[in-house]
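These numbers come from the heavy atoms of this one structure, side chains and all, not from hydrogens, waters or symmetry mates. As the structure lists them, so they are numbered: ligands from 1, and atoms in each ligand from 1. One is the number of the first residue; the rest follow in order along the sequence.
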Amino acid sequence: MIEPEIFLNFLKQRRSIRSFQEKKVPDKEINMILEAGQWAPSASNHQPWEFLVIRNKDIIIKLSNLARYGHFIKESSVLIAIVGKIQENPKWYVQDTSLASMNMMLMAWHLNIGTCWIGSLDREKAKELLKIKEGDFLLTILPFGYIKGDIPKKTYRKSLKEIIHEIN
Ligand SMILES: Cc1cc2nc3c(=O)[nH]c(=O)nc-3n(C[C@H](O)[C@H](O)[C@H](O)COP(=O)(O)O)c2cc1C
C-alpha cells in the first residue's frame, strides 16, 4: 500500500499537459494505461466502454483540427478515444467512462506521461472519422506523450472551506 500522504501528494501534483516530446510512448506503458481504464468501477459492473488507440499521424492531425481547445494533441504520438456504449448502460455510461478516463490519466501521470482531457471536440465529425457507431458516445480523446518543457504550475482549487459543508 502507498503511504496516504504520498498518494494525496501524487493526486495534487498531477497536471493537465498540453505539450509533448516527439519521443514515442512504448506499448508497455500504453497497455498499462489501458489496463488502468479497464479496472475502473462501473455501475453494476457493466463496463460500457471501448478504448480506441490511435497512432496514425494523419488521423491524429485531423482530430486535432476538430478540437477547438485541443490543437496541441497533434504533438502526441498516441491518442486514446474513450467510447461509451450507451446501450450497455444507458443511465450511467457517462460516469463509467469518465472514471475509466480518470484511471488512465492517473496511471499515465505515475508513468511520467502527460495527458489532458479534451472536451472541446466536434464529436459528430470525430465519430465519423473514427468510425464510431451512431448510437455510441465519444466521451473524450486523451493524448499521451512525454512532457515537453516544465510541468505546469499548480492549478487553482477552491478552498476546502468553500466546498465542504458539514451536515449535522
Ligand atoms: C470535462 C473536461 C473537459 C476539458 N476539456 C479541455 C479541453 O478541451 N482543452 C484543454 O486544454 N483542457 C481541457 N480540460 C482540462 C482542464 O482545463 C483542466 O483539468 C483544469 O484546468 C485543471 O487543470 P489541471 O488538470 O492541470 O489540474 C478539460 C477537463 C475536463 C475535466
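Between atom 2 (C) of ligand 1 and the options Y69, W117, Y156, F72, the minimum heavy-atom separation is to W117.
For atom 23 (O) of ligand 1, the nearest non-hydrogen atom of the protein is T155 CG2, 3.4 Å. The protein non-hydrogen atom at the shortest distance from atom 26 (O) of ligand 1 is S16 N, 2.7 Å. Nearest protein heavy-atom neighbour of atom 8 (O) of ligand 1: S120 OG, 2.9 Å. Nearest protein heavy-atom contact of atom 5 (N) of ligand 1 is G119 N, 3.0 Å. Nearest non-hydrogen protein atom to atom 15 (C) of ligand 1 is R18 NH2, 3.6 Å. In this structure, atom 22 (C) of ligand 1 lies nearest to the protein heavy atom R157 NH1, 4.0 Å.
Although no hydrogens or angles enter the test, the distance criterion places no donor-acceptor pair under 3.5 Å between the side chain of H46 and the main chain of N89. The closest donor-acceptor contact from the side chain of S64 to the backbone of I73 lies at 3.5 Å or more, if one exists at all. Of the possible polar contacts, none joining the D122 side chain to the A67 backbone as a donor-acceptor pair under 3.5 Å is found. Under the 3.5 Å distance criterion, the side-chain polar atoms of K57 are matched with a main-chain donor or acceptor of K74. Under the 3.5 Å distance criterion, the side-chain polar atoms of K154 are left unmatched by any main-chain donor or acceptor of Q13. Proximity of a side-chain donor or acceptor of K24 to a complementary backbone N or O of S77 within less than 3.5 Å is not detected.
Neither the backbone nor the side chain of R68 has a heavy atom within less than 4.0 Å of ligand 1. Of all the heavy atoms of H71, none lies under 4.0 Å from any atom of ligand 1, so neither backbone nor side chain is involved.
Counted within 6.0 Å of CE on M102, heavy atoms from surrounding residues, nucleotides or ligands total more than 12; the atom is thus considered enclosed.
Within a 4.0 Å radius of atom 18 (C) of ligand 1, the protein contributes at least one heavy atom.
The ring of F20 has its center no closer than 6.0 angstrom to the ring center of Y146.
Heavy-atom separations between C116 and ligand 1 include at least one value shorter than 4.0 Å.
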